[in-house]
Each structure stands twice: as structure tokens, then as C-alpha cells.
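Small disclaimer: the values here were computed from a predicted structure and weren't measured.
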Amino acid sequence: MAWWLMKSEPDVYGIGHLQAEGTTLWDGIRNYQARNFMRSMQVGDLAFFYHSNASPPGIVGLMEVIETGVVDPSQFDPTSKYHDPAATQEAPRWDCVRLAYRRTFPAMLSLDRLREHFSVDDLAVVRRGNRLSILPVSDSSAERIFRLMGLEPDG
DNA sequence: GCCAACGTTGGC
DNA sequence: GCCAACGTTGGC
């Protein structure tokens, strides 16, 4: 079981949306490094839900990978902002994973607080200017995140 | 709104 | 293959 951190803008799709829906397809990822991280995910992996472009930004909840290797349907949709004219049904370029809501944390763990406790080597999201929307999290960093919130680790 | 970081694109 | 221009992300 591996840990991840996945960013989304709360105005676009926040933890509340996921809580209401129960599950979601993490589609629209158009960055190869982020896509490759999703390709390495396995069912049962856990991911911290991170609110980006928020004030303040930070970790707000937890979700679980429930399906991997899903072809991202938005790449074929000409009306989608994620449409990729270079993608074909025979040779899709983008895939994604399906996630299930696990929990909303009692309080956000803000980026400021993360920076007080983690170096960029421990947790890449604290690196200034990090634009990558999906990041791996080490077991020890995941445990420290829960401890910082005063919670027992899931998983 | 600004700007740093950085991935992508295209000319050569 | 190099690199400048450009676009996007995301913090502030």
C-alpha cells in the first residue's frame, strides 16, 4: 500500500464534492509525470486530498484508490477543456484512476504547517513552485501527517 | 494581479 | 538536439 497526495482546486472540485458523490474519476490530468504516478497506483492505495489555489491551501481529507488503468474519457470529447486531438480510441494518451471518499479531517493541515515540519525531501508539496498535481508520499511522512493532526493513521 | 517554477512547443 | 518563447500551475 502506497501513499499519495492529489491536488484539486476546491472551487472546481473540493473534498465536499467527493463526499457528496462517494467516488470520482480523477480525469483531466495532462501532465506526463502526474499520469505516470497514477499508472503506478494500486487498488487500496490511499491519497491525501489537497486543496490547491485556496486560502489557505492544505490537506483536507483522505481518499482511496478503487480502480486503476481507466482510460480518461475527456481526451476524446471535443467539447471538453481536456480534449486531446492527438488521442484516438486505438491509442489513448491519458488514463486515470477512480477514487473513493474516506474521510474529511477535523481541520485542514495547511501548507504553512506542513512547511514547519517537512523538508522538500520529506514532502515534495512544500517545495516552492511545485506545480505537480500528484505526488508520492512516503510511509513515514504519511504517519507524521496524521500525528500532526492529532489522529491515528488510517490504512 | 504578480511572479516563480517548469513543462511544452517550434524554429533552426 | 538546442533553446527561446510561451502557457500553466499555484502560492502569495
Inset, instruction - State, without any angle test, whether S119(A) and D122(A) hold a side-chain donor-acceptor pair at a distance under 3.5 Å. - result: yes
Inset, instruction - For R30(A), answer base if it contacts any base atom (sugar-phosphate contacts may also be present), sugar-phosphate if it contacts only those atoms, and nothing otherwise; contact means non-hydrogen atoms under 4.0 Å. - result: nothing
Legend entry - Flag, side chain of N130(A) to backbone of A124(A), donor-acceptor distance under 3.5 Å: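 Yes; at least one donor-acceptor contact below 3.5 Å.
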Inset, instruction - Quick one: pull up OH in Y13(A) and CG in D27(A) and give me the separation to the nearest 0.5 Å. - result: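 So the OH of Y13(A) and the CG of D27(A) are separated by 10.0 Å.
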Legend entry - Pairwise distance CG(D84(A)) to CG(D72(A)) - rounded to 0.5 angstrom: 9.5 Å
Legend entry - Interatomic distance, R127(A) CZ vs dC12(C) P [rounded to whole Å]: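 For the pair R127(A) CZ and dC12(C) P, the rounded distance is 14 Å.
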Legend entry - Neighbour count >12 (heavy atoms, 6.0 Å) for atom CD, Q42(A):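 Counting other residues, nucleotides and ligands, CD of Q42(A) stays at 12 neighbours or fewer.
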Tabulate protein N/O versus nucleotide N/O from nucleotides 6-10 of chain C, keeping only pairs under 3.5 Å, one per line.
from    : atom 1 : to      : atom 2 : distance (Å)
dG7(C)  : N2     : R131(A) : NH1    : 3.3
dT8(C)  : O2     : R131(A) : NH1    : 2.8
dT9(C)  : O3'    : R131(A) : O      : 3.2
dG10(C) : OP1    : R131(A) : O      : 3.0

